[in-house]
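Computed from a prediction, not measured in an experiment: that's the story for all the values here.
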Amino acid sequence: MDAVETLPDNASPMPISDDTDVKTRTRPHYILSNVPYDIFLMIVFWCWNGGKDNDHSNFPITASHVCRTWRYYALDTGVFWTSLEFRQARPHLAIIKYKVWLERARGSPLDIYIGPQGFKGASVKHAKSIMRLIMPHLSQWRSFRVERVPKKIFLLIFAQLRDVSAPMLEVLK
């Protein structure tokens with residue numbers, strides 16, 4: 001059986017070289033909405049890991065806005081929602097965002113980063129809010145990194161981790 005798909009005559013030509021045209025569908029979203037889940041995951045992980053910047057924190061949201069099918073897939077794929085990066089100047093916005101992300105993660109291993117940006121001014125308040133959000137999910141932590149925070153914040157964070165068990169934890173910095 002021939003695996004070549006025949007496109008209708010009303011398909012628009014798309015040049016791929018100087019002397020060759022390829023007919024494409026007039027409705028390109030049709031192709032995206034019919035991608036099987038495993039192919040969707042391959043595309044998304046390739047795009048996610050192929051980015052030029054190290055900040056992939058908004059990628060799950062971007063993927064969920066492509067089309068209805070991709071939204072369903074993205075919202076249903078827990079691994080997309082597992083990177084929590086508290087590096088914002090206003091951590092309370094991140095806390096609101098990551099509360100939803102933790103629900104969507106559905107028990108997947110979490111990678112948590114706490115950076116210095118959110119600890120200017122009301123730093124103890126922000127640190128306590130972050131810890132209240134992430135401590136109930138301690139059994140899911142895969143990595144936990146705290147970088148360049150004031151000493152009082154560092155002590156506050158790690159005092160809460162004394163005498164607790166994190167069975168999935170692989171990285172602690």
Side-chain angles (χ1 to χ4, degrees), residues 32 35-173:
L32 290 177
V35 172
Y37 182 70
D38 54 341
I39 303 299
F40 162 79
L41 284 179
M42 290 173 54
I43 293 168
V44 169
F45 281 120
W46 181 78
C47 293
W48 196 353
N49 294 328
K52 294 179 181 173
D53 62 356
N54 289 330
D55 183 17
H56 301 297
S57 61
N58 287 323
F59 185 78
I61 295 168
T62 303
S64 72
H65 290 176
V66 172
C67 66
R68 187 176 304 148
T69 303
W70 280 41
R71 179 171 179 76
Y72 172 78
Y73 287 164
L75 296 179
D76 199 45
T77 305
V79 72
F80 290 169
W81 310 98
T82 60
S83 180
L84 311 180
E85 298 180 358
F86 297 93
R87 58 174 83 229
Q88 301 81 353
R90 297 182 179 175
H92 64 279
L93 296 176
I95 289 169
I96 294 167
K97 171 182 168 180
Y98 290 142
K99 186 175 182 179
V100 173
W101 284 41
L102 286 166
E103 292 171 11
R104 292 178 182 169
R106 293 186 180 94
S108 297
L110 301 173
D111 299 308
I112 301 167
Y113 170 82
I114 300 175
Q117 294 294 342
F119 299 104
K120 296 181 173 112
S123 57
V124 171
K125 176 183 168 186
H126 294 317
K128 286 181 178 180
S129 296
I130 291 169
M131 295 308 288
R132 270 195 304 273
L133 176 69
I134 63 177
M135 285 301 287
H137 304 277
L138 183 66
S139 64
Q140 295 171 243
W141 293 11
R142 176 178 39 213
S143 68
F144 184 69
R145 295 177 295 138
V146 180
E147 295 181 359
R148 298 185 317 261
V149 298
K151 185 176 180 177
K152 66 180 179 179
I153 301 304
F154 183 85
L155 293 173
L156 184 141
I157 290 170
F158 283 95
Q160 291 191 30
L161 297 178
R162 194 176 312 147
D163 301 324
V164 296
S165 175
M168 295 180 69
L169 190 64
E170 298 172 3
V171 176
L172 178 64
K173 287 186 178 182

Within a strict 4.5 Å, meaning less than it, do heavy atoms of the Leu172 and Phe158 side chains meet?
yes
Between Ser108 and Val79, the two heavy atoms sitting closest are OG-N, 3.7 Å
Please name the pair of heavy atoms, one in Leu133 and one in His137, separated by the smallest distance, quoted to 0.1 Å.
O-CD2, 3.4 Å
With a 6.0 Å cut-off (strictly less than), is the heavy-atom count around CE of Met135, excluding the residue itself, greater than 12?
yes
Rounded to the nearest 0.5 Å, what's the gap from CD1 on Ile114 to CD1 on Ile157? Could you check?
4.0 Å
Could you walk me through whether Ile153 and Val124 satisfy the side-chain contact (heavy atoms from CB on, under 4.5 Å) test, starting with their C-alpha distance in whole Å, then the side-chain angles of each, then the deciding distance to 0.1 Å, before giving a yes or no?
CA-CA 6 Å; Ile153 301 304; Val124 171; 4.1 Å; yes
Hey, does Pro109 have a side-chain heavy atom less than 4.5 Å from the side chain of Gln140?
no
Looking only at heavy atoms, the pair that brings Pro167 and Ser139 closest together is CD-CA, 4.0 Å
Should the pair Arg104 and Phe80 be classed as cation-pi, given the thresholds of under 6.0 Å to the six-membered ring centre and 45° from the axis?
no
Do Arg148 and Phe154 make a side-chain contact, defined as non-hydrogen atoms from C-beta onward lying under 4.5 Å apart?
no
Does atom OH of Tyr113 have more than 12 heavy-atom neighbours from other groups under 6.0 Å away?
yes
If you count heavy atoms of other groups shown closer than 6.0 angstrom to CZ of Arg68, is the number above 12?
no
Might you work through the side-chain contact (heavy atoms from CB on, under 4.5 Å) test for Val100 and Trp81, ending with a clear yes or no?
CA-CA 9 Å; Val100 173; Trp81 310 98; over 6 Å; no
Derivation and outcome, side-chain contact (heavy atoms from CB on, under 4.5 Å), residues Val149 and Phe86
CA-CA 11 Å; Val149 298; Phe86 297 93; over 6 Å; no
Closest heavy-atom contact between Leu75 and Arg106?
O-NH1, 2.9 Å
Would Ser143 and Asp111 count as having a side-chain donor-acceptor pair, cut-off 3.5 Å?
yes
Other residues, nucleotides and ligands only: do more than 12 of their heavy atoms fall within 6.0 Å of OH on Tyr72?
no
Verify whether the ring centers belonging to Tyr98 and Trp101 lie closer than 6.0 Å.
yes
Heavy-atom pair with the smallest gap, counting every atom of Glu147 and Pro116:
O-CD, 3.3 Å
Using side-chain heavy atoms (C-beta onward) and a distance below 4.5 Å, is Leu110 in contact with Met168?
no
CD1/Ile130 to CG/Leu84 distance, rounded to the nearest 0.5 angstrom?
10.0 Å
Approximate separation, where rounding is to 0.5 Å, of Leu102 CG and Ile134 CD1
9.0 Å
